[in-house]
Amino acid sequence: MIKFFRVLVAASLIVASCVAILLPQFQTKSNFAPPNRSEVVFWHFWGGTDRDVVDRVVERFNLSQSEYWVRAVAVPGNNLDAKLFLSVAGGNPPDLVNQDDPVLADWYGRGVLQSVVEFAGERAELRLNEFLLPAARRLGQVDGRWVAVPNGLDVRALYYNASLLEERGLQPPTTLAEFDQVIRTLSAPNDSNLEMFAFLPDPRRILAWGYVFGGEFFDEDKNQVVLDSPKIVAALNWMQEFSRLYGPDVVARFRHGEQSLPGKTFPLLPALPESKVGRYAFVLDGQWRTRDIEAFTAARKARGLTALRFGVCPLPPPDGGRSRSGWVNGNFFVVPQGAKNSAGAWAFIRFWIGLENVDQAARTCAEGGWIPVSSAVIESKSFQDYLGQHPLMATFVELAGSDQLFPFPQTLGAMFFKRTLEAAADEAISRPERSSAEILRDAGQRIQSQLDRLQKIERTADAN
């Protein structure tokens with residue numbers, strides 16, 4: 001990738017022309033800066049109703065002061081990184097970018113991003129350390145250096161069908177042992193006519209369960225992948241156990257059936273408003289699913305049907321595990337190298353996250369259904385009023401303040417790391433006869449080889 005980037009730099013004039021041609025198709029409804037304003041070009045990935053929320057934030061910022069004018073540019077698709085590299089190489093980067101993939105270490109290591117000190121000064125780091133929640137601080141740093149500023153958190157927890165649990169005389173689990181008991185009660189392993197599973201683990205959530213089990217995936221001090229550490233092995237072994245109990249073919253067929261569901265149907269919910277139970281009694285997912293539950297509840301009410309109750313609880317830990325723990329990710333701002341208006345970008349960042357006005361940030365989070373990155377915003381009256389109207393969000397917001405939430409390891413090759421880890425979990429669940437320790441050891445060796453290769457390329461580039 002370094003060699004590719006250097007080729008782009010050498011061809012900067014051509015690239016600049018390409019960028020100039022391509023960008024207009026991504027323009028938003030925002031106008032260009034008035035003559036007395038300094039323009040801030042802001043790239044983001046949001047679409048649909050979320051894009052409308054972004055446009056309203058931009059409008060409020062533009063009306064709040066008279067020095068800067070943000071022009072939001074929606075850059076859809078999966079090629080934001082390539083477009084960013086092209087723009088930096090061509091000398092025409094945006095001033096601000098919002099992203100949510102684990103790319104910080106790669107982008108910063110390849111010289112594409114400024115550090116926060118570079119674009120905002122040393123005092124900015126002190127302010128962020130004081131203002132942001134622990135999870136947000138972890139999201140914004142690479143090797144202890146501030147590289148990004150998070151503006152919203154994504155937290156995972158267990159949704160559950162509270163009406164079903166109450167009907168069966170069961171309580172939401174607080175420990176893994178309790179969870180296992182509830183699962184076996186609701187979907188007995190010897191039941192050959194199961195139409196609902198209490199719960200099935202998703203291989204993409206190995207990161208969440210690994211942290212809950214008390215494990216670490218990467219040793220930052222040694223720069224070493226540690227997938228086959230005992231607690232990560234225990235987490236994957238627990239996920240494998242479902243295939244051992246019910247049979248891998250049964251689990252695979254049930255999972256495959258979800259592909260026939262329309263759109264992004266939330267499988268916790270009944271397929272029809274008249275039904276009482278969905279495909280699962282528990283589903284691990286993020287706070288955005290509260291919207292699905294609210295829409296389902298409203299549709300049921302409109303039909304005059306008795307409301308079903310749903311709840312949210314933290315992932316239940318095993319003995320020796322972490323409470324109120326799991327995987328956190330979210331949206332974050334970065335300022336590219338060569339940005340022409342980093343001062344304006346920093347002003348917009350401060351506005352969005354509430355560093356100077358928590359009520360403004362509370363409004364933004366309430367409109368988008370997003371979790372604030374600061375306890376000051378969470379505790380504001382306007383956001384508390386929002387939580388009063390959307391009670392399921394309260395558990396996610398409370399969890400966001402935990403110091404036991406961890407992002408994907410901020411290391412080079414993080415996307416390869418993520419894909420390889422999830423593929424290993426998928427293999428383990430599909431082939432429960434295989435040793436989880438062996439699967440993780442093999443995956444860890446592949447990831448470490450890739451990491452070593454990337455580090456060698458980076459050291460060579462630095463030396464030259």
Side-chain angles (χ1 to χ4, degrees), residues 46-53 56 152-174 179 182-183 185-187 195-200 202 205 254 257-316 326 362-372 378 381-400:
W46 281 290
T49 57
D50 287 334
R51 178 172 172 176
D52 294 335
V53 176
R56 289 196 293 272
L153 297 176
D154 290 336
V155 176
R156 273 73 176 175
L158 274 183
Y159 287 95
Y160 60 88
N161 187 326
S163 295
L164 176 63
L165 294 189
E166 183 177 347
E167 180 182 300
R168 301 291 184 89
L170 300 170
Q171 297 293 322
T174 59
F179 190 33
V182 170
I183 289 169
T185 300
L186 291 176
S187 48
E195 296 182 359
M196 175 209 72
F197 274 90
F199 177 79
L200 285 179
D202 185 332
R205 301 296 177 251
F254 197 82
E258 290 168 29
Q259 298 177 12
S260 63
L261 296 176
K264 296 182 179 180
T265 302
F266 188 26
L268 178 77
L269 301 175
L272 300 173
E274 297 84 354
S275 303
K276 293 184 178 181
V277 180
R279 292 176 66 81
Y280 301 99
F282 294 86
V283 175
L284 193 167
D285 216 322
Q287 74 278 355
W288 51 88
R289 289 299 194 176
T290 59
R291 298 176 182 176
D292 298 305
I293 292 176
E294 290 173 355
F296 171 83
T297 301
R300 192 174 175 88
K301 183 178 179 180
R303 290 171 177 255
L305 300 172
T306 303
L308 296 178
R309 294 190 306 103
F310 298 92
V312 182
C313 64
L315 303 187
R363 178 178 176 181
T364 298
C365 289
E367 288 182 358
W370 300 328
I371 297 178
I378 292 171
K381 182 181 183 303
S382 55
F383 195 75
Q384 287 298 309
D385 289 344
Y386 165 78
L387 290 182
Q389 298 169 10
H390 303 273
L392 287 180
M393 278 287 291
T395 297
F396 289 98
V397 173
E398 191 276 333
L399 273 174

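Everything quoted here is computed from the prediction, not taken from an experiment.
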Partners passing side-chain hydrogen bond (donor to acceptor under 3.5 Å, both in side chains) against [X] (at least two apart in sequence or in another chain):
X	value
Asp202	Arg204
Arg291	none
Thr174	Glu178
Tyr160	none

Under the side-chain contact (heavy atoms from CB on, under 4.5 Å) test, which residues partner Lys276, sequence neighbours left out?
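Checked Lys276 against side-chain contact (heavy atoms from CB on, under 4.5 Å); matches are Arg300, Leu308.
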Parallel, tilted or perpendicular: rings of Phe254 and Phe197 (30°, 60°):
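Perpendicular: the ring planes of Phe197 and Phe254 meet at over 60°.
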Partners of [X] by ring pair (Phe, Tyr, Trp, His ring centres under 6.0 Å), sequence neighbours excluded?
X	answer
Trp370	Trp46
Phe296	none
Phe179	Phe199, Phe282

To the nearest 0.5 Å, what is the distance between [atom1] ([X]) and [atom2] ([Y])?
X	Y	atom1	atom2	value
Ile293	Asp285	CD1	CG	9.5 Å
Arg156	Phe396	CZ	CZ	9.5 Å
Asp292	Leu392	CG	CG	11.5 Å

Backbone N or O of Asn161 within a donor-acceptor pair of the Tyr280 side chain at under 3.5 Å?
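Pair absent, no side-chain N/O of Tyr280 close to backbone of Asn161.
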Hey, does the side chain of Gln287 reach the backbone of Leu153 with a donor-acceptor pair shorter than 3.5 angstrom?
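Judged by distance alone, yes, a pair lies under 3.5 Å.
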Would you check if [X] and [Y] make a side-chain contact, meaning some heavy-atom pair closer than 4.5 Å?
X	Y	answer
Val182	Gln171	no
Ile183	Pro173	no
Met196	Leu164	yes

Looking at Leu186 and Ala198, what are the two nearest heavy atoms and their distance?
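Distance-wise, the nearest heavy atoms are CB-CB, 3.8 Å.
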Output all residues satisfying salt bridge (Lys or Arg N to Asp or Glu O under 4.0 Å) with [X], sequence neighbours left out; order by chain, then residue number.
X	answer
Arg309	Glu166
Arg205	none
Asp154	none

Pairs in or reaching into residues 384-399: which pass side-chain hydrogen bond (donor to acceptor under 3.5 Å, both in side chains), with residues at least two apart or in two chains?
Glu294-His390, Arg324-Glu398, Lys381-Asp385
